[in-house]
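First the structure, in the form of structure tokens, and then the observations on it.
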Amino acid sequence: MEAAPSKHIEIVVNGERRRVPEGQTVLEFLRSLDVDPARVAVEMDLEILKRERWAETRLREGARLEIVQFVGGG
């Protein structure tokens, strides 16, 4: 028996449209991008998300994310 096709939603990340699996969390999305969660800040729909909420916050159709990476230097 074939597995049911997974559903996807469309979101906007740093101005670019992306398709992601329905139900994916912010933390799962960051990991799919191979982004170190300790080195970024995330804003969703003009609200800065607290890091401790990333694992429970699910992406929704049309969500607009801004992901800002911290860059070290000296």
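In this text the structure is predicted, and so the values were computed from the model without any measurement.
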Q: Give, for atom CD of Gln24 and atom NE2 of His8, the distance between the pair rounded to the nearest 0.5 Å.
A: 8.5 Å

**Q.** Nearest atoms (heavy-atom pairs only) where Phe70 meets Ala38
**A.** CD1-O, 4.4 Å

(Q) Strictly by side chain to side chain donor-acceptor pair (under 3.5 Å), give each pair with a member in residues 33-43 just once, sequence neighbours left out. (A) none

Q. Which residues, ordered by chain and number, are linked to Phe29 in its hydrophobic cluster, where ILVMFWY side chains connect at heavy-atom gaps below 4.5 Å, directly or through other members?
A. Ile9, Ile11, Val13, Val20, Val26, Leu27, Leu30, Leu33, Val35, Val40, Val42, Met44, Leu49, Trp54, Leu59, Leu65, Ile67

Q | Glu16 atom CD, neighbour heavy-atom count above 12 within 6.0 Å | A | no

Q | Pairing residues for Val12 by the side chain to side chain contact (heavy atoms under 4.5 Å, CB included) criterion, not counting sequence neighbours | A | Arg17, Arg64

Q) What's the verdict on side-chain contact (heavy atoms from CB on, under 4.5 Å) for Glu10 and Arg18, showing C-alpha distance, side-chain angles and the deciding distance? A) CA-CA 6 Å; Glu10 190 171 280; Arg18 296 188 67 119; over 6 Å; no

